[in-house]
Participant: 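Sending over a structure as structure tokens; questions will come in a sec.
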Amino acid sequence: MATRAMTHLKRALPWLMSLLIVGYLFWSVELDAVVAALESADISTLIWIMVLSAPVILAADAGTLWILFRRLLAPYPYREITAIKGVSYFFNAITYSAGTGGIAYLVHRRWGAGFLHTLSLLLWLNFIDVITLLLIIALGVGLAGELIPPALAAQLPYVLAGGALISVGAIVYWRLGVDFLVLGPMRSWRIFRAFKDATMADYGVMVASRTAFIGVYIILTWLLLPTFHIEVPFLLLLVYLPIGTFAQIIPASVSGLGAVQVVLIALYAPHVVPVIPDGEAQVLAFTTFMGPATTFVRVMLGYL
């Protein structure tokens with residue numbers, strides 16, 4: 001009985017943490033300012049941008065999956081991969097992990113590929129995303145270093161160094177067979193099969209494809225922010241968007257809910273146009289609206 005209660009508690013904690021963070025954010029700002037931000041935003045332009053860009057994002061995301069499966073699984077038709085990715089948006093509406101599991105399940109049902117094998121490919125793709133995001137941050141630091149707030153600029157070298165150490169260590173472990181303490185047995189686990197199968201050429205191709213895909217998101221974010229009177233220089237988004245993406249994978253909350261808002265408020269609030277007195281409320285309104293709007297557009301696209 002106690003074990004079951006602990007299990008329910010562990011499942012509930014991320015939801016509780018998300019609710020607490022979101023509740024604190026709305027308690028700490030003026031609700032009138034959030035409402036005013038929503039009323040002054042160019043919602044119609046935002047919706048049009050989201051609707052028109054959604055097929056592009058789906059096509060780019062499905063393209064990276066098509067390349068991944070073609071290199072490490074089988075040459076499945078791009079059209080069917082696109083359909084599977086679209087359907088996975090229904091699972092993503094629950095959590096990102098559910099979306100990943102949904103893709104593995106659908107590929108298993110459609111072509112009979114091993115569920116764990118496919119899941120390992122998607123897990124490896126997540127690792128590729130981490131490498132890609134770190135590289136994009138490094139590019140942003142090189143191109144827009146003078147635009148980065150000093151407090152953040154002072155921390156980024158440590159973040160990049162730590163990320164590089166972990167990434168290189170993982171590649172050395174999987175590709176060169178170097179054991180780190182007790183990690184050797186992990187190579188025999190089926191869930192990590194893709195890490196063992198992937199060659200350095202696979203790393204290069206997938207990092208390039210995911211860079212292009214994330215680049216689409218950066219352009220989209222740059223277009224959407226002005227609809228809420230938030231003006232962030234494009235090059236600075238090379239740093240800000242990956243940081244916000246990392247916040248989404250914080251396990252303490254559901255799909256980063258709450259944590260993302262906290263991070264984006266800290267990053268975007270200084271870039272709200274000067275005529276708006278409450279920058280934090282403005283960014284909170286933007287992030288609060290974008291979450292449900294993005295889910296709705298994706299689910300409609302997945303249905304189509």
Side-chain angles (χ1 to χ4, degrees), residues 53 56-73 81-82 84-86 88-89 91-92 95-104 107 117-141 156 159-175 191-221 237-251 253-257 259-260 263-264 267 294 298:
S53 64
V56 177
I57 291 173
L58 173 60
D61 203 356
T64 63
L65 280 181
W66 178 76
I67 295 171
L68 172 68
F69 292 152
R70 189 176 185 85
R71 296 188 69 90
L72 294 172
L73 190 59
I81 293 297
T82 304
I84 286 175
K85 182 60 187 179
S88 75
Y89 287 156
F91 299 101
N92 272 332
T95 65
Y96 181 80
S97 298
T100 300
I103 293 174
V107 170
H117 185 189
T118 307
L119 194 60
S120 75
L121 291 175
L122 299 173
L123 182 62
W124 179 72
L125 185 61
N126 289 341
F127 176 59
I128 290 294
D129 283 344
V130 171
I131 295 175
T132 303
L133 291 170
L134 290 171
L135 290 174
I136 292 175
I137 291 176
L139 178 63
V141 170
L156 284 177
V159 173
L160 292 173
L165 181 62
I166 294 173
S167 300
V168 172
I171 293 173
V172 167
Y173 172 78
W174 291 108
R175 296 305 310 153
I191 191 62
F192 294 122
R193 176 177 173 178
F195 288 81
K196 183 179 179 180
D197 292 344
T199 65
M200 293 308 299
D202 294 324
Y203 274 91
V205 169
M206 292 312 302
V207 166
S209 67
R210 294 305 279 185
T211 299
F213 169 62
I214 294 171
V216 174
Y217 260 112
I218 293 174
I219 294 172
L220 176 61
T221 302
L237 286 176
L238 296 177
V239 176
Y240 284 1
L241 188 136
I243 292 175
T245 303
F246 280 130
Q248 287 183 315
I249 62 177
I250 294 175
S253 61
V254 180
S255 297
L257 180 62
V260 173
V263 171
L264 293 185
L267 295 177
T294 300
R298 285 182 174 181

Participant: For Ser88 and Lys85, indicate whether the former's side chain and the latter's backbone hold a donor-acceptor pair under 3.5 Å.
Facilitator: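 Yes; at least one donor-acceptor contact below 3.5 Å.
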
Participant: How far apart are the closest heavy atoms of Val205 and Arg71, and which atoms are they?
Facilitator: CG2-NH1, 3.6 Å

Participant: Would you indicate whether the side-chain heavy atoms of Thr245 and Ile214 approach each other to under 4.5 Å?
Facilitator: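 No. Closest side-chain heavy atoms not under 4.5 Å.
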
Participant: Looking at CH2 of Trp124 and OH of Tyr203, how far apart are the two atoms once the value is rounded to the nearest 0.5 Å?
Facilitator: 6.0 Å

Participant: Report the distance from atom CH2 of Trp174 to atom CG of Asp197, rounding to the nearest 0.5 Å.
Facilitator: 10.0 Å

Participant: For Ser53 and Leu220, which heavy atoms make the closest approach, and how far apart are they?
Facilitator: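 For Ser53 and Leu220, the tightest heavy-atom pair comes out as OG-CD1, 3.3 Å.
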
Participant: Can you see whether Thr132 engages Asp129 through a side-chain donor-acceptor pair at a distance of less than 3.5 angstrom?
Facilitator: no

Participant: Which value, rounded to the nearest 0.5 Å, describes the distance between Leu241 atom CG and Leu264 atom CG?
Facilitator: 8.5 Å

Participant: Which atoms form the tightest heavy-atom contact between Tyr240 and Leu267, and what is the distance?
Facilitator: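 In terms of heavy atoms, the two residues are closest at CE2-O, 3.4 Å.
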
Participant: How far apart are the closest heavy atoms of Thr64 and Ser209, and which atoms are they?
Facilitator: CG2-O, 3.6 Å

Participant: If you compare all heavy atoms of Val56 against all heavy atoms of Val216, which two are closest, and at what distance to 0.1 Å?
Facilitator: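 Closest pair (atom of Val56, atom of Val216, distance): CG1-CG1, 4.3 Å.
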
Participant: What distance separates Leu58 CG from Thr82 OG1, expressed to the nearest 0.5 Å?
Facilitator: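 Rounded to the nearest 0.5 Å, the CG-OG1 separation comes out at 6.0 Å.
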
Participant: First locate atom CG of Leu65, then atom CZ of Arg70, and finally report the distance between them rounded to the nearest 0.5 Å.
Facilitator: 14.5 Å

Participant: Kindly indicate, with the supporting measurements, whether the criterion side-chain contact (heavy atoms from CB on, under 4.5 Å) is fulfilled by Leu121 and Leu125.
Facilitator: CA-CA 6 Å; Leu121 291 175; Leu125 185 61; over 6 Å; no

Participant: After noting the C-alpha distance and the side-chain angles of Leu134 and Phe246, does the key distance pass the side-chain contact (heavy atoms from CB on, under 4.5 Å) rule?
Facilitator: CA-CA 10 Å; Leu134 290 171; Phe246 280 130; 4.3 Å; yes

Participant: Between CD1 of Ile131 and CE of Met206, what distance do you get to the nearest 0.5 Å?
Facilitator: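 The CE atom of Met206 is 11.5 Å from CD1 of Ile131, to the nearest 0.5 Å.
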
Participant: With a 3.5 Å cut-off and no angle check, do the side chains of Ser120 and Arg193 form a donor-acceptor pair?
Facilitator: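 On atom types as modelled, these side chains do not qualify, holding no pair under 3.5 Å.
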
Participant: Short question: side chain of Arg175, backbone of Ala198 - any donor-acceptor pair under 3.5 Å?
Facilitator: yes

Participant: Search all heavy atoms of Ile243 against all heavy atoms of Ile137 and return the closest pair with its distance.
Facilitator: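 Taking every non-hydrogen atom into account, CG1-CD1, 4.3 Å.
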
